[in-house]
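This report concerns only the one structure given below.
Position 1 is the first residue of the sequence, and the numbers go up from there. Both counts, for ligands and for their atoms, begin at 1 and track the order of listing. What you see is a predicted model; the values in this text were computed from it and never measured.
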Amino acid sequence: MCGIVGYIGPKQAHPILLDGLKRLEYRGYDSAGLCVAGENGKLSILRAAGKIRVLEELLKKDPPKGIRGIGHSRWASHGKPSEENAHPHTDCKKEIVIVHNGIIENYFSLREELGTKGHRFSSETDTEVITHLLEENLQRLKSRATPHPPHLAHPLLFLAVQETVKELKGSFAMTLLWKQAPDTLIAVRNDCPLAIGLGDREFFVASDVPAFLPYTRNVLFLEDREIAVLSSQQCLLFNFEGKKVSREPLSIKWNLSQAEKGGYKHFMLKEIFEQPRAVEDTLRGRIGPNSTPGFLQELNLDAEILKRVRRVHLVGCGTAYHAGLVGKYLLEHLAGIPCEAEIASEFRYRRPTLDPETLLIAISQSGETADTLSAVREAKKRTSHLLAICNCVGSTLTREVPSTLTTHCGPEIGVASTKAFLGQLTALTLVALHAGFLRGQLSAEELRSFSEELLKIPGGIRQVLKEEPAVLKISKEMYKKEHLLYLGRHIQYPICLEGALKLKELSYIHAEGYAAGEMKHGPIALIDESMPVVALATRSRLYDKLCGNLQEAVARGAVLISVVNPGDRAVTAQSAWTLEVPEVPELLSPLVNIVPLQLFAYHMARQRGCDVDQPRNLAKSVTVE
Ligand code: M6R
């Protein structure tokens, strides 16, 4: 997730901005930049691809003088990581400077519209449309007599910002400067975090408190649809309608490490709780109540390909492979396309039947996994239809395939993949829905109703997260077990594999995921009192059959922990513990059903004293074969 910093006060701005950016490094980034406004109004902008130390070198060579400035560390979402795409961005006259975090959903149409009005763009980012839109609004308002909002030295800027944010769709936190408004810094929040640090006649802006923790512990967290107007003397808050807002600052008690994790004990837990947001951001602008396959344009994937392909291969490793398995069910059910999901390290050494009518979908959080890259290179020899589902724009994978559907989860720091998995499932659902629609397997009405259900999923995940105390309780009873079996059927089967993988890698407990119907063909021999069974038993076409499979396990002494829907009776009656998840359409259920399993693995590992964020022997990105 991009990091924003800002400063206005009596001190030189650039060392404070640089320090703030370094303190936000844990959020992940691919480029960085800052702008300092000098006394004479001169705006010095420095940007660099890569690490913050590259920016630091530039600053050493040419330190900008000024007591007001903004800075940014970028996690690419629109456009590759490069100096041109690094923030800050400016308007045509280079008088407005903006740093932004979030996604502007309507950037494409705004860019086209502003282009026809003569604006020239110098980056591929969605952010740059904001600078030009603000320029346009300033110009328009200048020529009109406009009422002055009270207490403001530069009412025109405020009004233009107000107009601008009304035209933006999506999520944004931003900070901006205007050359013609000295002693002013503006910060805006809509659906992305932004905090103001209150010092002694100095103010700090940041996406996250650690950026200014050494300078002040008094913080005003901006709420959605709020604009802060900062000068060296005061901080005024308004809502988007221009009404003044007052709120007491909070005093932050966290230490630096707690602050980095947003108050959570571990990055993994923070990332589990970020999942509703990861799904929302991955859906953002790609689906809506009046669904059209609009995102295909962004994908650079010809709709004809989705219409025409006769087979899909999904490849990935670990969690990404499990997402691929879910994708197979989705694509087969929704789009009627024959699919294979395969572990990339196996795929690369087979001779899979790929032809020009095959689409290969490579799934990877990092986009740097060696086995997945090799599978892609192998596939490229035989088909040109390749799509990446990836969380890291500009990674090797996204550079090697013609089309990428980005999962907008933000950087994942915990080694165990959680929110990236939900992003992958969301992206695969989008592809399957649109392929289904294009191939005539889904009517417009079915697509619309599925889309509505999909948009409700983040709310469902928020509900599941409330089960955390119940999960903790179960983990306290179970953490000494050495083996667990995860059972489910149909689209829950890959979720069993993923639940078992989470438990293995975090708590070092041996766990197996099995399709419940397969149990009688062997694994049932393992079952006795020492082998608890985790069952994914939400309502589905195979619910009754699963009940039968679970009865067989209970009859052999298994202690049953079940994930069920509200009102469940049959499975609940056999279970020692149940965890409730909301009922959603069966094909979307992996998106909510995995959440209690992630929490379970997390708490089991904590009970056993394991290093949750960095489990032994594991690396976040496996770049060797
Ligand atoms: O970055 P990728 O998604 O390509 O990584 C794939 C696997 O290495 C990764 O999912 C791994 O299995 C995680 N440790 C799972 O939590």
Item to check | Passing candidate, side-chain contact (heavy atoms from CB on, under 4.5 Å) with Phe347, options Asp371, Thr372, Leu354 | outcome: Leu354
Checklist outcome for this item: Of Val584, Val581, Val564, the one forming a side-chain contact (heavy atoms from CB on, under 4.5 Å) with Thr538 is Val581
Side-chain atoms of residues 464-481: list all donor-acceptor pairs with protein atoms under 3.5 Å, sequence neighbours left out, distances to 0.1 Å.
unit_1, atom_1, unit_2, atom_2, d
Glu467, OE1, Glu580, N, 2.9
Glu468, OE2, His603, NE2, 2.7
Ser475, OG, Leu472, O, 2.7

Item to check | Test item: side-chain donor near acceptor, Gln598 and Glu498, under 3.5 Å | outcome: no
Checklist entry - Listed by chain and number, what are the ring pair (Phe, Tyr, Trp, His ring centres under 6.0 Å) partners of His490, not counting sequence neighbours? => result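 Once residues adjacent in sequence are excluded, the partners of His490 under the ring pair (Phe, Tyr, Trp, His ring centres under 6.0 Å) criterion are Tyr329, His333.
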Next on the checklist: Suppose we screen for side-chain hydrogen bond (donor to acceptor under 3.5 Å, both in side chains). Which residues come up paired with Ser589, at least two apart in sequence or across chains?
Outcome noted: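 Ser589: side-chain hydrogen bond (donor to acceptor under 3.5 Å, both in side chains) contacts with Gln492.
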Item to check | Per-ligand residue contacts, ligand 1, heavy-atom threshold under 4.0 Å | outcome: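 The answer is Cys317, Gly318, Thr319, Ala320, Ser364, Gln365, Ser366, Thr369, Val415, Ala416, Ser417, Lys502, Glu505, counting any residue whose heavy atom sits under 4.0 Å from ligand 1.
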